[in-house]
Amino acid sequence: MSGEPNAPARDFIRDIVAQDGKAGKWGGKVVTRFPPEPNGHLHIGHAKAIWTSYGIAQDFGGTFHLRFDDTNPLKEEQTYVEAIQEEVAWLGCRWDGPVRFASDYFEQMYHYALELIRKGKAYVDDLSVEEIRAYRGSPREPGKNSPYRDRPVEENLDLFERMKAGEFPDGARVLRAKIDMAHVNLNMRDPVMYRILHAVHPHRGDEWCIYPMYDWAHGLEDSIEGVTHSLCDVSFENHRPLYNWFIDAINEGRDEPIHHPRQIEFARYNLTHTAMSKRYLRPLVERGFVRGWDDPRMPTLIGLRRRGYTPEGLRDFSRHTGVSKYPAVFEIALVEHFQRRHLNQIAPRVMGVLRPLKLVIDNYPDGQTEQLDAINNPEDESAGTRKVPFGRVLYIERDDFMEEPPKKFFRLSPGREVRLRYAYFVTCTSVVKNDAGEVTEIHCTYDPATRGGDAPDGRKVKATLHWVSAEHAVEAEVRLYDLLFTKEDPLDVPEGEDWTKGVNPESLTVIPDAKLEPAAAGRAPGWRCQFERLGYFCLDPDSTETKPVFNRTVTLKDAWAKEQKKGTGD
RNA sequence: UGGGGAUUAGUGUAACGGUAGCACAACUGACUCUGGAUCAGUUAGUUAAGGUUCGAAUCCUUAAUCCCCAGCCA
């Protein structure tokens with residue numbers, strides 16, 4: 001990322017796009033696209049890829065397309081074309097024009113294929129899958145020509161036509177490009193362009209019996225749409241010569257050459273403590289390690305959304321991490337940083353006690369209730385204030401009291417005075433314990449002169465505690481999430497060992513009876529807030545009229561927790 | 001013993017032959033009615049070895065390491 005925090009993004013792709021613009025390529029136009037296959041949900045890795053393409057279109061005043069790469073009806077489903085649209089829209093990326101489909105270009109591609117056959121650049125091959133594989137050779141050994149490679153053009157035309165008409169069973173024949181079976185790049189060894197598939201396509205029904213292969217289709221889709229900069233994964237770097245070959249072959253002898261996009265590859269990335277590919281995510285769902293694809297622990301977009309992640313935070317993460325060709329591993333802390341940064345600006349504050357400890361103020365009038373003023377968001381004055389009910393019996397956080405406090409523990413302990421946020425100073429006078437010796441209740445006195453939280457005599461306290469009035473408390477379920485895997489690289493396991501063993505057994509902690517101030521009640525699912533001193537939370541769709549359910553999106557930074565971890569707390 | 005790419009603090013990413021910078025993380029400290037936020041500061045880097053040059057992260061050579069490629073998947 002460039003030096004200034006708010007400087008425009010700068011990376012090698014943007015440099016290329018800028019150069020092309022300067023050179024007047026494509027009339028200075030910029031068109032990018034995101035081309036998902038509708039066969040699964042998007043994850044945070046896609047989010048960055050989408051933001052790269054969309055962000056570049058935005059930065060250069062270009063347009064951005066959403067196009068489904070639906071060339072394999074065996075693997076694709078309509079539900080995903082709907083889900084993915086929603087996911088991209090949620091991210092905040094707006095595509096130009098309608099949602100596009102590769103399958104809308106099938107006719108055009110077919111005609112291009114006919115042209116190649118007529119030019120002697122493609123042929124129908126009757127070899128079986130196994131034979132094709134065997135004939136392909138290996139990276140170190142050249143392949144050999146198929147015996148069908150030199151079929152006359154007329155025969156190829158006839159056979160291809162009949163393939164399209166559905167005269168042959170699946171797998172009987174394919175159409176291949178005639179390039180070079182000895183090429184060092186395996187992708188150039190007569191790649192398959194069409195295979196026979198008698199399948200029902202989600203978008204085209206049973207119109208087609210032949211379906212284009214990705215390598216044949218993809219470049220053409222970009223060409224047809226006028227995509228100028230076709231951004232993709234580094235693994236397609238080896239395919240670029242093939243895409244160029246196809247377009248050049250089509251353009252050979254053509255009066256009006258078809259558009260030739262420029263493909264630029266960039267590295268995909270990984271995150272620490274998580275796995276991203278479907279291969280690893282699916283078992284988590286199917287074997288019940290998580291509750292589903294939208295489990296808030298999942299790196300899927302629907303999971304992160306449910307957890308309370310904001311698209312703005314994801315966008316900032318995507319932009320600030322830059323683009324490169326090096327297979328980067330980002331620390332999950334960086335993702336969280338951008339979530340906190342955004343949430344801090346927008347999340348209204350609320351007080352909630354996760355592990356309640358009863359606190360009784362002995363000198364507070366029994367039965368009295370006050371409404372105290374609290375600030376909704378110190379980072380946003382326009383968020384205003386609210387009233388919080390206060391009474392003689394309160395709940396405070398168990399962690400905020402220690403009978404025998406270590407040196408760096410500033411919170412409540414016997415004889416110590418602390419502030420109850422927006423309320424009063426209280427001093428702990430005694431504790432009540434059960435038979436097991438656990439503290440079940442603490443007693444305090446309060447100083448009426450400190451109403452609102454300031455002492456007129458100017459005396460200071462070291463800590464401010466959040467609290468909830470017992471009488472007014474709203475009971476809620478709170479789900480605390482931690483790393484899905486404790487290991488940085490969950491896939492790095494010894495030969496033969498099951499990587500799912502690395503799933504963090506404490507990745508979910510359910511608190512059934514948290515106490516919240518009334519302001520947290522009556523909200524709609526998706527509502528985000530900060531529980532003061534604890535973290536950012538988001539109301540889950542599992543909530544009912546009587547029982548809200550909150551997901552912890554991300555914790556607040558916690559200096560005390562860090563101190564404890566260091567073991568220097570006492 | 002094939003081809004294509006890549007390598008800058010702990011993690012990412014700038015510097016495009018001319019002072020190696022930024023963010024996150026870590027660590028200090030200030031401030032604070034959130035041990036949050038904010039502010040100030042510290043630690044820490046060019047994969048290695050040669051060469052070209054007044055000057056190299058940048059150009060050249062060699063080596064090392066990592067990623068990708070033998071689907072009728074995308």
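Lettering of chains follows the sequences in order, A, B, ..., and the numbering in each one begins at 1.
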Protein-nucleotide distance ([X], atom [atom1]; [N], atom [atom2]), rounded to Å:
X	N	atom1	atom2	value
A/D233	B/G4	CG	P	19 Å
A/N376	B/U34	CG	C1'	14 Å
A/E488	B/G12	CD	C1'	13 Å
A/E397	B/G35	CD	C1'	14 Å
A/I332	B/G12	CD1	P	13 Å
A/D489	B/U11	CG	C1'	14 Å
A/Q339	B/A23	CD	C1'	16 Å
A/E381	B/A37	CD	C1'	16 Å

Report task. State which residues pass salt bridge (charged side-chain N to carboxylate O under 4.0 Å, His left out) with A/E532; sequence neighbours excluded, sorted by chain then number. Result ->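 For A/E532 the salt bridge (charged side-chain N to carboxylate O under 4.0 Å, His left out) partners, ignoring immediate neighbours, are A/R421.
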
**Report entry** Set of residues satisfying salt bridge (charged side-chain N to carboxylate O under 4.0 Å, His left out) with respect to A/E417, sequence neighbours excluded
**Finding:**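 So A/E417 forms a salt bridge (charged side-chain N to carboxylate O under 4.0 Å, His left out) with A/R459.
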
Query raised in the report: Mapping A/R419 and A/E331 onto RNA chain B by nearest heavy atom, which one lands closer to the 5' end?
Result: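 This one resolves to A/E331.
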
Report task. Between A/L465 and A/S324, just flag the one whose closest nucleotide in RNA chain B comes earlier from the 5' side. Result ->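 Looking at the nearest nucleotide for each, A/S324 comes out on the 5' side.
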
**Report entry** Per A/P378 side chain, nearest of listed nucleotides B/U34, B/U1, B/C24
**Finding:**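 Nearest nucleotide to the side chain: B/U34.
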
Requested in this report: State which of B/U28, B/G12, B/A25 makes the closest approach to the side chain of A/T321.
Outcome: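 Selected nucleotide: B/G12.
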
Span that lies between the [atom1] atom of [M] and that of [N], in whole angstrom:
N	M	atom1	result
B/G18	B/G55	P	14 Å
B/A49	B/A56	C1'	15 Å
B/G3	B/U11	C1'	31 Å
B/C67	B/G29	C1'	43 Å
B/C73	B/A9	P	41 Å
B/U43	B/A20	P	16 Å
B/A64	B/C22	P	36 Å
B/U47	B/A57	P	10 Å

At 4.0 Å (heavy atoms only), tell me whether [X] reaches a base, stays on the sugar-phosphate, or touches nothing.
X	value
A/L556	base
A/F330	sugar-phosphate
A/Q530	base
A/E532	base
A/V461	nothing
A/D11	sugar-phosphate

Report summary line: Per-nucleotide protein contact along nucleotides 65-74 of chain B, 5' to 3', at a 4.0 Å heavy-atom cut-off (B base, S sugar-phosphate only, - neither), is ---BSBSBSB

Query raised in the report: Taking only Watson-Crick and G-U wobble pairs with both distances under 3.5 Å, what dot-bracket line describes RNA chain B, where [ ] shows pairs that cross earlier ones and | shows pairs with another strand?
Result: .((((((..((((....[..)))).(((((.......)))))....(((((..]....))))))))))).....

Under the rule for ring pair (Phe, Tyr, Trp, His ring centres under 6.0 Å), what residues qualify as partners of [X], not counting sequence neighbours?
X	value
A/H342	none
A/H43	A/H46
A/Y280	A/W499

Query raised in the report: For B/C24, does either OP1 or OP2 sit under 4.0 Å from a side-chain N or O belonging to A/H337?
Result: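 Yes, such a contact exists.
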
Query raised in the report: Below 4.0 angstrom from OP1 or OP2 of B/C27, is there any side-chain N or O of A/K562?
Result: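 For B/C27, OP1/OP2 do have a side-chain N/O of A/K562 under 4.0 Å.
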
For the residue pair [X] and [Y], categorise the inter-ring angle as parallel (less than 30°), tilted (30 to 60°) or perpendicular (more than 60°).
X	Y	value
A/F101	A/H203	parallel
A/H201	A/Y211	parallel
A/W216	A/F246	perpendicular

Sequence neighbours left out, what passes side chain to side chain donor-acceptor pair (under 3.5 Å) with [X]? Give chain and number order.
X	result
A/Q78	A/E82
A/K164	none
A/N238	none
A/N376	A/R386

Between the protein and nucleotides 38-42 of chain B, list every N/O to N/O distance that falls short of 3.5 Å.
none

Query - Glycosidic conformation of B/G17, taking syn as within 90° of 0 and anti otherwise - result: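 B/G17: anti glycosidic orientation.
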
Query raised in the report: Between A/Y123 and A/R151, is there a cation-pi geometry (under 6.0 Å to ring centre, at most 45° from the normal)?
Result: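 No, cation not above the ring by the 6.0 Å, 45° rule.
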
Report task. Tell whether A/R411 reaches the base of B/G35 with its side chain through a donor-acceptor pair below 3.5 angstrom. Result ->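 Checked by distance alone, the answer is yes.
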
Query raised in the report: Between A/W208 and A/F106, does the ring centroid distance fall short of 6.0 Å?
Result: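 Distance test on ring centres: under 6.0 Å, yes.
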
Query - Stacking check A/F410 vs B/G35 (5.5 Å / 30 deg) - result: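 Ring-base stacking flag set for A/F410 and B/G35.
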
